[in-house]
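Worksheet for the structure shown next.
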Amino acid sequence: MTQALSGMRVIDATQILAGPYCTMVLGDMGADVIKVEKSPGGDDTRRMGPYIDGESHMFMMVNRNKRGICLNLKEEEDKKVLYELVKTADVFIENFRPGVAAKLKIDYETLKELNPGIIYCSISGYGQTGPYRNKGGFDIMAQGLSGIMDMTGEKDGKPVKVGIAIHDIAAAQTAIQSVLTAYIHKLKSGEGQYIDVSLVDSALAWTVWEAAAYFGEGKLPKRNGTAHRAAAPYQGYATGDGFILIGAANQKLWEKFCLYVVDQPQWLEDERYATNSLRNEHAQQLEVDIENVLRTHSSAHWIALLEDNGIPSGPIYSYDQTMNDQHIQEREMILEYEHHQFGTLKTLGFPAKYSQTPAKLSKPAPKLGEHNEEVRAELGL
């Protein structure tokens with residue numbers, strides 16, 4: 001079965017997470033991704049554990065479905081290899097700090113002379129313009145600048161980093177959609193173009209509800225734990241043996257929750273809880289009242305009752321519980337594949353399920369410089 005991006009060639013001159021995640025997805029969909037790593041040493045992720053027989057598992061997770069070559073771009077002979085590769089490519093993606101690509105003579109202005117149709121995507125912490133463009137930008141700094149860290153955590157607690165590298169993944173997703181949009185334009189017109197993606201911009205663009213409150217009423221989004229900013233009950237609650245999530249966020253669900261789940265009909269007469277706005281205004285007291293009831297039984301007891309009454313609910317899993325959940329497994333979000341060196345390994349599956357052009361795992365992450373000879377031969381070098 002032909003994959004959607006078969007025939008697209010992508011040069012991946014990125015490392016760590018945002019760029020490699022972007023190119024991994026393109027490779028999952030059939031693009032020929034050639035990862036260009038620096039010599040010596042390669043992608044810095046190769047030196048991040050955990051390791052399997054000396055190889056970084058983190059590197060292997062985000063560099064599947066790629067071929068790999070190793071080049072020293074300060075050497076003219078190695079730069080010649082890259083230039084010849086660019087002539088055959090559709091997309092070039094890099095995550096150098098602003099100015100470095102130009103210094104190495106692999107910037108957009110240089111490469112488009114070799115290939116006018118090249119789609120060139122730069123991924124950086126703060127973007128290629130603006131007063132912060134030359135600052136080093138990791139995910140945690142982007143979480144701070146975007147305001148997302150300030151709105152994450154318990155109401156009276158410190159700002160908390162989101163549990164995953166959300167700005168890296170946001171930038172990767174922005175780069176994916178931007179590259180594909182530019183590729184469609186190229187197929188129509190033959191034109192390439194330059195794309196500037198930053199970690200800060202990408203995740204800030206996800207704060208649409210918070211922006212609506214700020215622009216509309218001047219409200220600042222503050223830390224609120226698991227609670228929703230505009231609906232209640234809609235958060236995590238303690239039970240007799242753990243925590244569960246309850247989303248009785250409209251009047252009908254609230255009434256069913258009071259009558260058929262917690263058996264507290266008097267809450268329907270309580271003026272503090274009469275409407276969603278009032279429940280949200282008194283969410284702290286509502287949390288106390290609800291948890292006083294929920295602590296009398298187990299999480300499983302309450303989830304069963306909530307589900308029987310059509311009220312959205314669910315567990316709060318640890319990661320191992322997630323990996324062992326039947327639904328996650330049946331959705332094929334955990335894949336096993338055979339690695340030529342390490343045997344059977346596990347990786348995450350593909351979140352989008354295509355009927356005609358499915359993603360597939362065709363090759364494991366390359367060893368450093370594994371395809372040097374193969375790629376050079378293809379280029380006639």
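Reckoned from all heavy atoms, side chains included, excluding hydrogens, waters and symmetry mates.
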Are Arg9 and Glu378 within salt-bridge range, i.e. N to O under 4.0 Å? yes
Does one side chain, of Asp78 or Asn72, offer a donor that lies under 3.5 Å from an acceptor on the other? no
Measure from NZ or CZ of Arg133 to the centre of the six-membered ring of Tyr126, then state whether that distance is under 6.0 Å and the direction lies within 45° of the axis. no
Is the closest side-chain donor-acceptor distance between Asp196 and Ser198 under 3.5 Å? no
Test the Lys186-Tyr183 pair against the cation-pi criterion, namely NZ or CZ under 6.0 angstrom from the six-membered ring centroid and within 45° of the ring axis. no
Can you confirm whether Tyr234 is buried at OH, in the sense that more than 12 heavy atoms of other residues, nucleotides or ligands lie under 6.0 Å from that atom? no
Less than 4.0 Å between a side-chain N and a carboxylate O, is that true for Arg223 and Glu154? no
Residue pair Gln143 / Asp139, side-chain donor-acceptor N/O under 3.5 Å: yes
Under a 3.5 Å cutoff, is there a donor and acceptor pairing between the side chains of Thr23 and Lys66? yes
Donor-acceptor check, side chain of Asn115 to backbone of Val86, threshold 3.5 angstrom: yes or no? yes
Between Asn280 and Ser277, a side-chain donor and acceptor under 3.5 Å: no
Would Ile311 and Val261 satisfy side chain to side chain contact (heavy atoms under 4.5 Å, CB included), going step by step from the backbone distance to the final call? CA-CA 9 Å; Ile311 298 173; Val261 177; 3.8 Å; yes
